[in-house]
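Below: one structure, written as structure tokens.
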There are 2 protein chains.
Amino acid sequence: MEIKDVILGFLDWKPMTGYELKKLFADLDFLPWSGNNNQIYKGLLELEKEQLVRKTIIPQENLPAQKRYSITAAGKKQLQCAVAQPPDAESLKWRHGFLQQLAWSECLTTEEIRQLVGQFQKQNENELVKTQDAIRNVPATVRRSPREAFIWGMVFRNRVMHLQSELNWLNLLLGGLTELNRKLDSL
Amino acid sequence: MEIKDVILGFLDWKPMTGYELKKLFADLDFLPWSGNNNQIYKGLLELEKEQLVRKTIIPQENLPAQKRYSITAAGKKQLQCAVAQPPDAESLKWRHGFLQQLAWSECLTTEEIRQLVGQFQKQNENELVKTQDAIRNVPATVRRSPREAFIWGMVFRNRVMHLQSELNWLNLLLGGLTELNRKLDSL
DNA sequence: TTAACCATGTAAAAAGTTACATGATTGT
DNA sequence: ACAATCATGTAACTTTTTACATGGTTAA
């Protein structure tokens with residue numbers, strides 16, 4: 001998922017202007033882009049050129065005309081494709097790409113979502129093992145004092161705890177999806 | 001903390017070459033920089049121009065000469081200054097700046113570290129409240145299905161759980177620092 | 001009257017990634 | 001024979017940020 005895919009995700013909710021998109025980027029903390037003018041307005045121009053969105057110009061009195069963008073069929077296809085990608089490794093570092101895929105997963109079946117979640121779960125488990133190993137290899141140089149040794153231990157433990165909390169969250173997620181299916185089946 | 005400060009942090013352990021620094025950036029997952037040639041070698045040149053590091057050239061047979069950089073007094077001052085900054089807001093998003101400050105906090109007193117931790121703790125608590133509020137304001141547009149509503153709930157809950165796990169970690173950290181002090185006092 | 005909101009966009013700079021370039025040594 | 005390690009650096013490109021630019025409306 002790159003920023004243009006997220007824009008498509010928003011436009012798949014409803015048609016919007018660049019201005020509205022900017023506000024969403026500013027409000028939603030899990031998106032790693034600032035959503036500045038350059039990203040949004042340039043992005044929209046490109047998306048239009050690629051025919052993934054279409055614009056309607058709405059003139060206003062005393063204010064610059066609104067350009068309201070809506071997603072095209074090709075845009076929907078592109079969104080679905082981006083969302084269905086196997087979660088990439090950077091998700092485990094700072095750009096939580098998996099959350100973005102999940103947020104716009106409405107275009108996938110529940111089974112496909114489960115698969116994505118499963119893949120991400122495995123990546124997290126591997127990373128947890130890797131990090132716990134890494135603790136044993138902390139460079140000896142960082143033991144100038146018992147305090148520094150303790151602090152570096154905590155730096156690694158931070159990551160371990162985050163990964164564990166992520167795994168807990170993934171279990172809740174899978175449980176919730178099952179629960180939803182159960183309810184729908186019983187209707 | 002920007003990448004040059006982290007380089008200073010490493011050189012404060014011991015003098016190193018660009019090649020060694022690269023490996024550290026590659027190995028340590030909590031650092032958000034890839035540590036590619038451009039960043040490291042350009043960074044070192046700039047640091048040298050700013051007189052924050054000094055280089056010694058060590059010729060080798062059959063291999064390019066090593067350039068071993070060491071931190072200067074001015075460099076140590078700069079590092080301490082960077083580490084002592086109040087943790088910035090981006091720490092709460094993706095670039096976990098606080099971890100970097102903590103990792104190189106050996107130049108601070110335990111009291112100063114406690115202060116940093118306290119500040120970061122407060123920011124996390126505020127952010128937790130803010131995020132829990134935000135859940136109540138999730139745009140109604142994202143409820144195309146019960147499934148989507150559930151998923152967006154989980155996207156927000158991911159952040160809540162991370163913040164809670166961060167607060168737990170901060171308590172462990174403060175507890176550990178107290179414990180260390182107790183031990184030193186009892187000698 | 002000052003700030004925030006509405007609404008668009010562009011320019012320049014900074015930061016980051018990927019690929020290029022060299023070339024000996026060591027292990028599989 | 002091929003890949004990895006050692007060891008430096010540069011060039012081209014992409015991404016992101018910050019600042020510039022305009023200008024009317026509304027609420028404190």
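Labels below follow one simple rule: chain letters A, B, ... track the order of the sequence lines, proteins then strands, and each chain is numbered from 1.
Using a cutoff of 4.0 Å between basic side-chain nitrogens and carboxylate oxygens, A/Glu46 and A/Lys49 are not scored as salt-bridged. Look at B/Glu48 and B/Arg54 and you find no salt bridge, because none of the NZ, NE, NH1 or NH2 atoms lies under 4.0 Å from a carboxylate O. Ionic pairing of B/Lys130 and B/Glu127 is present here: one or more N-O contacts between side-chain nitrogen and carboxylate oxygen are shorter than 4.0 angstrom. Using a cutoff of 4.0 Å between basic side-chain nitrogens and carboxylate oxygens, B/Arg182 and B/Glu179 are scored as salt-bridged.
Atom NZ of residue A/Lys4 and atom CD of residue A/Glu50 lie 3.5 Å apart, to the nearest 0.5 angstrom. Distance check: B/Leu102 CG to B/Leu116 CG gives 8.0 Å after rounding to the nearest 0.5 Å. Atoms CZ and CD1, from A/Arg157 and A/Ile151 in turn, are 14.0 Å apart once rounded to the nearest 0.5 Å.
Summarising the geometry, the separation between CG on B/Asn36 and P on D/dT14 is reported as 16 Å, rounded to the nearest angstrom. Atom-to-atom, CD1 of A/Ile58 to C1' of C/dC6 comes out at 14 Å; the value is rounded to the nearest Å. Across the protein-nucleic acid pair, B/Lys4 atom NZ and C/dA15 atom C1' stand 12 Å apart, rounded to whole Å. A/Glu2 places its CD atom 6 Å from the P atom of D/dT15, with the value rounded to the nearest Å. Atom CD of B/Gln39 is separated from atom P of C/dA19 by 16 Å (rounded to the nearest Å). Atom-to-atom, CD of A/Glu46 to P of C/dT10 comes out at 12 Å; the value is rounded to the nearest Å. Between the CG atom of B/Leu44 and the P atom of D/dT8 there is a distance of 9 Å, given to the nearest Å. Note: CG (B/Leu31) to P (C/dG16) measures 12 Å, nearest angstrom.
Within the 4.5 Å cutoff, no side-chain heavy atoms of A/Phe10 are placed close to those of A/Ile71.
Close to D/dT17, at under 4.0 Å from its OP1 or OP2, lies a side-chain N or O of A/Ser34. Taking 4.0 angstrom as the limit, B/Gln66 places none of its side-chain polar atoms (N or O) nearer than this to OP1 or OP2 of D/dC6. Checking the phosphate oxygens (OP1, OP2) of C/dG16, a side-chain nitrogen or oxygen of B/Trp33 falls inside 4.0 Å. Residue A/Gln60 places no side-chain N or O under 4.0 Å from the OP1 or OP2 atom of C/dC6.
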Quick test: give all pairs of protein nitrogen or oxygen and nucleotides 10-13 of chain D nitrogen or oxygen below 3.5 Å, distance rounded to 0.1 Å.
| unit_1 | atom_1 | unit_2 | atom_2 | d |
| --- | --- | --- | --- | --- |
| D/dA11 | N6 | B/Asn38 | ND2 | 2.1 |
| D/dA12 | N6 | B/Asn38 | ND2 | 3.3 |

Could you run down the sub-3.5 Å N/O contacts of the protein with nucleotides 23-26 of chain C?
| unit_1 | atom_1 | unit_2 | atom_2 | d |
| --- | --- | --- | --- | --- |
| C/dT25 | OP1 | B/Asn62 | ND2 | 3.4 |

Just distance, no hydrogens or angles: give the donor-acceptor pairs under 3.5 Å from side chains in residues 75-82 of chain A, sequence neighbours left out.
| unit_1 | atom_1 | unit_2 | atom_2 | d |
| --- | --- | --- | --- | --- |
| A/Gln78 | NE2 | A/Asp5 | OD1 | 2.7 |

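The aromatic rings of B/His96 and B/Phe120 are tilted relative to each other, their planes meeting at an angle between 30° and 60°.
Within residues 7-23 of chain A, no residue has any heavy atom closer than 4.0 Å to DNA chain D.
The stretch residues 161-183 of chain B participates, sequence neighbours left out, in these ring-ring contact (aromatic ring centres under 6.0 Å, His included) pairs: A/His162-B/His162.
In terms of the side-chain hydrogen bond (donor to acceptor under 3.5 Å, both in side chains) criterion, B/Gln51 has no residue partners (sequence neighbours excluded).
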